[in-house]
Structure formats: C-alpha cells, structure tokens
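A quick write-up on the structure given underneath.
Nothing fancy with the numbering, it's 1 onward along the sequence. We use all heavy atoms of the structure for the numbers below, so side chains are in, but hydrogens, waters and symmetry mates are not.
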Amino acid sequence: MNFESELKNIIDSFAPISLKEMDDVSMMRRVDSKFVLNINLLPLLLKKALVDYFLLEINNTREQIYETTYFDTNDYAMYTNHHNGKLNRHKIRIRKYISSGIGFLEVKRKNNKGETIKNRIKCPIDDNQLDFNGSSGFLEKYTPFSDKILWPKLSNRFTRLTMVNKDFSERITIDFNLRLTDLKYHNQITNSNLCIVEIKRNRDSKKSQFLNTLCELKINSCGFSKYCLGLAMLNPEVKKNLFKQKISELEKL
C-alpha cells in the first residue's frame, strides 16, 4: 500500500464529528502548542489517535482545503512585532473554508500570558479585500490598525485535518500540502513534505493523549507562524535574522 492510500484509510477510520457538534470546543481563547514534522510520520500519529479523537467531516469530506490572505502595513508592522518577540501582537487575515463555502475576517492576538485570542466576522468568500460592510468597525474594535493602512502581503493554501478529543477539551489541527505566495514579489514555495500540528487547549487542561504521542516520538514544540516564515523565506524586504535557524530546520525536513 502506498503512502496516500495508507493515509486515506486511516483518515476514513476515525469517528466523524460535524461543525455543529464542535461548537463547544471553538477554542477562541486558548493556549497553543505547535509542532513541525515530516509528513511521513503522520500515519503513525493518526493511528495512535484513533481511539481518543473525533475527526471533523464537512459535506462528506475530511481533508478540508483552506485558503488564507494575510494583511499588514506597508512597513510590515505585524511581521516585525512577531520577529522581535513583542507580546500583545496581532495577525489579520481573511480565511476561506473551501469545503463549506464560508469566509471570515479574523484577528488573532497573542497576549503577554501566552494565550491566543481569536475574533472573527463573516466576509464574502469571493473577495480578498477589507472594504466589505462591517470590516472597519471590527478592526478598530480588536486591533490598533485601520483598514486604510492594511494591504494583502501573503497568501497560503493547505489541506487541514481537524480533530477533537472525546471529552471536548482539546482541538488539534494538522496542516499539510502547504503552498505560500508572497503577494508583492509573487515568489512561491510549495512543500509536500512538511506537516504542521497545532494543539489548542484551555489553559487548565490536564492531559493530552496526542501530546503524549508527540513526546514519545521526541517531537518537540516550536514556534511557527505560516505568515512570518512565509515572508521570511519569500520577501527580500523584511528582516529575518531571528528566523534563519528555523528556516534552516524546515529546509532539512
């Protein structure tokens, strides 16, 4: 059996969960742990998760396609804040959930306690602009940035698996088939070997079977931002000294 067939068989073996059933585990305020690994390890990780996790299914599809456009100022203020390790930083993006035909304008804020707080409003799925009704007030409420000074800087497309543990205290996303495109210079990277795992939990969550499996495999958590790493690899304007080691590690994968 080849890799693609093995992976599909394991994905199909999970007990499904619907979007509506996942309402209780939206994790809009959470603590994130991110892991980057070679996709060859994914079948093993999923096999070990079969008993303890549900897998999201939308319109009879479990491998969801996501498309994202990130916005920033002309001097890349949000990217620079992340690069410099500033706390209370923001990311602004339009994310399209292709399988469900829904788009959201999303704001993610990382606070000085290490928590990620996400707010979002629906937006047109056929556009990548910030000029739709309600966007200006939304950004003013949740960020220090005006839509008048924000421009699309990077896009990505990837396949996502979303899992929820059976006591609904943890949500896991697994992203692969990643494509990154710089929207100013039109440089592009496609990586089919990379797999990005993110565990999203309440701060007081006590256990995670998936986290235990990652520890057993000696896969350590690491900070990873698709937006920041994408710009660092593709855009010649931005400073990237603090990301060079991480880029080197990714290239080895």
Side-chain angles (χ1 to χ4, degrees), residues 1-28 30 32 34-70 93-106 108 118 120-128 155-181 188-201 209-210 213 224 226-227 230:
M1 183 182 299
N2 61 30
F3 177 84
E4 289 78 12
S5 298
E6 180 187 14
L7 183 60
K8 185 179 187 309
N9 284 343
I10 299 169
I11 290 171
D12 289 344
S13 299
F14 275 87
I17 188 171
S18 69
L19 272 176
K20 183 174 177 55
E21 292 172 311
M22 284 179 58
D23 284 348
D24 291 336
V25 65
S26 60
M27 295 291 174
M28 301 299 273
R30 67 205 186 217
D32 299 338
K34 295 183 180 180
F35 304 81
V36 182
L37 52 136
N38 191 291
I39 197 170
N40 288 331
L41 290 172
L42 184 54
L44 176 59
L45 281 173
L46 292 178
K47 282 180 183 177
K48 288 179 174 288
L50 274 171
V51 172
D52 298 299
Y53 293 85
F54 298 108
L55 187 65
L56 176 64
E57 181 175 292
I58 302 173
N59 298 330
N60 298 315
T61 301
R62 298 186 174 195
E63 297 178 65
Q64 311 296 328
I65 305 298
Y66 284 39
E67 292 182 352
T68 315
T69 300
Y70 291 92
R93 68 193 187 193
I94 286 178
R95 172 156 286 176
K96 298 178 181 180
Y97 300 78
I98 304 303
S99 298
S100 53
I102 299 174
F104 289 95
L105 170 60
E106 301 181 341
K108 289 180 69 177
K118 188 166 80 169
R120 67 184 188 179
I121 57 172
K122 279 191 175 182
C123 68
I125 197 170
D126 58 352
D127 200 354
N128 283 324
S155 69
N156 66 37
R157 181 182 174 95
F158 55 89
T159 302
R160 169 167 288 185
L161 302 174
T162 301
M163 301 194 303
V164 178
N165 66 346
K166 293 188 176 179
D167 62 5
F168 290 85
S169 63
E170 176 185 53
R171 187 170 181 160
I172 296 171
T173 59
I174 301 172
D175 300 339
F176 52 100
N177 293 335
L178 179 64
R179 185 182 71 201
L180 299 163
T181 305
Q188 187 175 99
I189 291 175
T190 300
N191 194 314
S192 58
N193 294 324
L194 202 64
C195 185
I196 304 161
V197 174
E198 187 169 0
I199 301 177
K200 306 169 186 183
R201 312 164 69 204
Q209 184 58 47
F210 203 86
T213 300
F224 187 95
K226 296 184 187 75
Y227 174 58

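- For the residue pair Q64 and L56, the shortest heavy atom distance occurs at NE2-O, 4.2 Å.
- A donor-acceptor pair under 3.5 Å links the side-chain atoms of N59 to the main chain of S99, judged by distance alone.
- Looking at every heavy atom in both residues, Y97 comes nearest to R120 through OH-NH1, 3.3 Å.
- Of all heavy-atom pairs spanning M163 and A49, the tightest one is CE-CB, 4.2 Å.
- For the residue pair I125 and G101, the shortest heavy atom distance occurs at CD1-C, 3.3 Å.
- Proximity of E63 to L161: side-chain heavy atoms (C-beta onward) are separated by under 4.5 Å at one or more points.
- Every salt bridge (charged side-chain N to carboxylate O under 4.0 Å, His left out) that D12 has, sequence neighbours left out, goes to K8.
- Between F158 and F176, the distance separating the two ring centers is not shorter than 6.0 angstrom.
- Summarising the geometry, atom CD1 belonging to I102 is positioned 13.5 Å from atom NZ belonging to K96; distances are rounded to the nearest 0.5 Å.
- Note: T68 OG1 to R95 CZ = 3.5 Å, rounded to the nearest 0.5 Å.
- Residue pairs that meet the side chain to side chain donor-acceptor pair (under 3.5 Å) test with at least one member in residues 188-197, sequence neighbours left out, are T181-Q188.
- In this model, a donor atom of one side chain and an acceptor atom of the other lie less than 3.5 Å apart for D167 and S169.
- Taking CZ from R179 and CD1 from I189, the interatomic distance works out to 12.5 Å, rounded to the nearest 0.5 Å.
- Interatomic distance, CG of L46 versus CG of N9, reported as 12.0 Å (0.5 Å rounding).
- The structure places CZ of R93 at 10.5 Å from CG of L105, a figure rounded to the nearest 0.5 Å.
- Counting heavy atoms from C-beta outward, F14 and L50 have side chains that approach closer than 4.5 Å.
- Between N156 and Y70 the shortest side-chain heavy-atom distance falls below 4.5 Å.
- Remark: Q209 pairs with no residue by the side chain to side chain donor-acceptor pair (under 3.5 Å) rule, at least two apart or across chains.
- Looking at residues two or more places apart in sequence or on another chain, you find no ring-ring contact (aromatic ring centres under 6.0 Å, His included) involving F3.
- Side-chain contact between L55 and I17 is absent, with no heavy atoms from C-beta onward closer than 4.5 Å.
- Residue pairs meeting the salt bridge (charged side-chain N to carboxylate O under 4.0 Å, His left out) criterion with at least one partner in residues 44-55, sequence neighbours excluded, are E6-K47.
- Listed by chain and number, the residues in a salt bridge (charged side-chain N to carboxylate O under 4.0 Å, His left out) with D175 are R160, K226 (sequence neighbours excluded).
- Residues V164 and E21 form no side-chain contact, since every pair of their non-hydrogen atoms from C-beta on lies 4.5 Å or further apart.
- Ring pair F210/Y53 is perpendicular by interplanar angle, where above 60° counts as perpendicular and below 30° as parallel.
- A distance of 11.5 Å separates CD1 of I174 from CD of E198, quoted to the nearest 0.5 Å.
- N165 places a side-chain N or O within donor-acceptor distance of the main-chain N or O of E170, the cut-off being under 3.5 Å.
- In plain terms, the two heavy atoms of V51 and K166 that are nearest each other are O-NZ, 3.0 Å.
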